[in-house]
Amino acid sequence: MFQTIRGTFDILPDTQDSGSQFVPGSANWQHVEGRVREVMSRFGFEEIRTPTMEPLKLIARGVGQTTDIVQKEMFVVQRSDEDYVLRPEMTAPVMRAYIQHSLAQRGGAQRFYYLGPCFRAERPQKGRFRQFHQFGIELLGADGPRADAEAIACLLAIYDSFGISETRLRINSLGDAETRPKYCEALRDYFEPFRDKLSETSLQRLEANPLRILDTKSPEERTLLTDAPRISNYLSSSSRTHLDEVKEHLDDLRIPYFEDELLVRGIDYYTGVVFELESDDLGSQSALAAGGRYDGLGEDVGSKQPVPAIGWAAGIERLFLALQASGYSFPERERPDVYIVALGHESQKWAFAEAQRLRAAALHVEFDLLGRSMKAQMKEANRQRARVALIVGETELASQRAIIRDLDTSEQKEVEFGELINALQSHSEHSDS
RNA sequence: GAGGCUGUAGCUCAGUUGGUUAGAGCGCCAGGUUGUGGUCCUGGAGGUCGUGGGUUCAAUCCCCACCAGUCUCCCCA
């Protein structure tokens, strides 16, 4: 039997909650995606859709040659002309599109949002799949701290709209081109005497990107970190001011945050302000969303002009886990307005034609395709949670009057064929309230 | 990439201290007389007991490998 490949899953009409695996049903995905889009639109972000595959080179250059993503966690498609990659994230692709289509020419700062699948070639874990789904925003062309605060405000507004308030916003600044080399040098100087205490990965990072050492979780290394140089002592005055102003804006918006000087990111393109939104009830996968400023990315991937940029990305699977933890109740499945129960061949023909008429009048109509017994049809109507059963047999055909049975109250009445649309529409509106 | 746990019907699980036809609940299908669902009763379908090897007279049960899921480490988009 064929099955979904490792780390991927089918989204079925019904939620799969088998204890070992939890995959929300398609209606829940639509609900979540719809809400997310709605909030992002309210902030003025417009959707941008890019291909699922991109040139390997774009990702390598954008995300960074030394990152884990590029070094070992991508799905690569080899073709004779060029290597492609299933996109591991969407920031570099969006930047590519921005440059390719000269979107700066639309004028002013550009606000984009995206939502769709991304891929990682890692071993799957809870809330971490090989095909996963992300949404996020990219705010391009605005370099001021207000843009940073605006991006963060949008992020929190989304989680607020789902009633998820048990979150922690951590924020830091990685500084600018002036700051970075100095601080990296200071870190190297600091760690050099402790070489023998560092793990293999940390030693590699010491060469490639010492900032990443701050990310370590090893308790031994963490104790070293307490005396490590702080980035706040190395920030250029403009970086310092920028961060302070972002914080000031967050204060104005009453958005709580924690300044965390150990917060760094695994992607090379970040510069300046970075942040992460995490939740306590997500187990080992605590991050809901992460982002920051990446003012250098545009030029890294070929822009002739600098592109000031701020953005974040969030995982939909993680959002679902948070919703589950918070006991979020999803809207119930839409009820059919009418289930037509037809008895006999002539009635079936009538029902089939009538269903199309009722649907054209915007009613949600279902009926039996299997020629089953009346009892089976009634059961089906009940299972679908139809509001009413519209019953038609020989008698009704003869009298041109159908039976409308309310499946909630069990009351039923006869209605002339010509009046059905009116009767059913008013019934449907009535039950909605 | 490393380690732990798990894998029996569509779902949740029981079971065989290795031995002829593997069970339950829910779900599904059909009945409970002539055209009425949600409750109830009866019956039925559905499993090569994750896959492949091995040990054995005999394996779903023991051993190994693989696959998948899950948790932890690693890491994080």
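Small disclaimer: the values here were computed from a predicted structure and weren't measured. Throughout, protein chains are lettered first and strands after them, A, B, ... in sequence-line order, and every chain is numbered starting at 1. Just so it is clear, the values below take in all heavy atoms, side chains as well, and ignore hydrogens, waters and symmetry mates.
Checking A:S373 against A:R120, the closest nucleotide of RNA chain B that is more toward the 5' end is the one next to A:S373. Along RNA chain B, the nucleotide closest to A:N382 and the one closest to A:F119 are compared, and the more 5′ of them pairs with A:N382.
A cation-pi arrangement is not found for A:R170 relative to A:F258, the charged atom failing to lie both closer than 6.0 Å to the ring centre and inside a 45° cone about the ring normal. Annotation: cation-pi pair A:R79/A:Y84 absent, no NZ/CZ under 6.0 Å from the ring centroid and within 45° of its normal.
Base pairing of B:U20: no nucleotide in any strand meets the Watson-Crick or G-U wobble criterion (both distances under 3.5 Å). Across the strands present, B:C26 finds its partner in B:G10; the criterion is a Watson-Crick or G-U wobble pair with both atom distances under 3.5 angstrom. Base pairing annotation: B:C5 forms a Watson-Crick or G-U wobble pair with B:G69, both donor-acceptor distances under 3.5 Å. The partner of B:A45, taking Watson-Crick or G-U wobble pairs whose two distances both stay under 3.5 Å, does not exist in any strand shown. Pairing of B:U55, defined by two Watson-Crick or G-U wobble distances under 3.5 Å, is not identified with any nucleotide.
The A:K379 side chain lies nearest to B:G37 when the options are B:C75, B:U36, B:G37. Minimum atom distance to the side chain of A:R383 is reached by B:C28, of the listed B:C28, B:U70, B:G38. Here B:A30 is the nucleotide among B:A30, B:U36, B:A2 with the atom lying nearest to any side-chain atom of A:A376. The nucleotide whose nearest atom lies closest to any side-chain atom of A:K375 is, among B:G31, B:C28, B:G1, B:G31.
Among the atoms of the strands shown, none is found under 4.0 Å from any heavy atom of A:G62. As judged by a 4.0 angstrom heavy-atom cut-off over every strand, A:E396 is placed among the base-contacting residues.
Whole-Å rounding puts the A:F22 CZ to B:U70 P distance at 13 Å. Nucleotide B:C28 holds its P atom 11 Å from the CD atom of A:Q384, rounded to whole Å. Atom CG in A:D14 sits about 16 Å away from atom C1' in B:U12, given to the nearest Å. Straight-line distance from the NZ atom of A:K413 to the C1' atom of B:U36: 17 Å, rounded to whole Å. At whole-Å resolution of the value, CG in A:L407 and P in B:G37 are 11 Å apart. Atom CD of A:Q412 and atom C1' of B:G37 are 11 Å apart (whole Å). A:R128 has its CZ atom 11 Å from the P atom of B:C71, to the nearest Å. Spacing between atom CG of A:D10 and atom P of B:C11 amounts to 13 Å, rounded to whole angstrom units.
Between A:F9 and A:F129, the ring-plane angle classifies as perpendicular under the 30° and 60° cut-offs.
Here A:F330 contributes atom CZ and A:N28 contributes atom CG; the two are 4.5 Å apart, rounded to the nearest 0.5 Å. The CD1 atom of A:I11 lies 10.0 Å from the CD atom of A:Q30; values are rounded to the nearest 0.5 Å.
Spacing between B:U70 and B:C28 at atom P, rounded to whole Å, works out to 28 Å. Rounded to the nearest Å, the gap between the P atom of B:C71 and that of B:U12 is 16 Å. When the P atom is used for both B:C66 and B:U21, the distance is 33 Å, rounded to whole Å. Separation of the P atoms belonging to B:U60 and B:A9 is 15 Å when rounded to the nearest angstrom. The same atom, P, is picked in B:G7 and in B:C64; the two are 15 Å apart, to the nearest Å. Annotation: B:G10 and B:C29 have their P atoms spaced 16 Å apart (nearest Å). Spacing of P atoms, B:C61 relative to B:G18, comes out at 11 Å, to the nearest Å. Taking atom P in both B:U33 and B:G50, the straight-line distance is 43 Å, to the nearest Å.
In this structure a side-chain-to-backbone donor-acceptor pair under 3.5 Å is present from A:T271 to A:D295.
If you check distances only, the side chain of A:R372 never reaches the base of B:C29 with a donor-acceptor pair under 3.5 Å. With hydrogens and angles left out, the side chain of A:R6 and the base of B:G69 share no donor-acceptor pair within 3.5 Å. Scanning atom types as modelled, no donor and acceptor separated by under 3.5 angstrom connect the side chain of A:Q377 and the base of B:U36. The base of B:G69 does not come close enough to the side chain of A:R130 for any donor and acceptor atom to sit less than 3.5 Å apart.
For A:F135 and A:Y113, the distance between ring centers is not under 6.0 angstrom.
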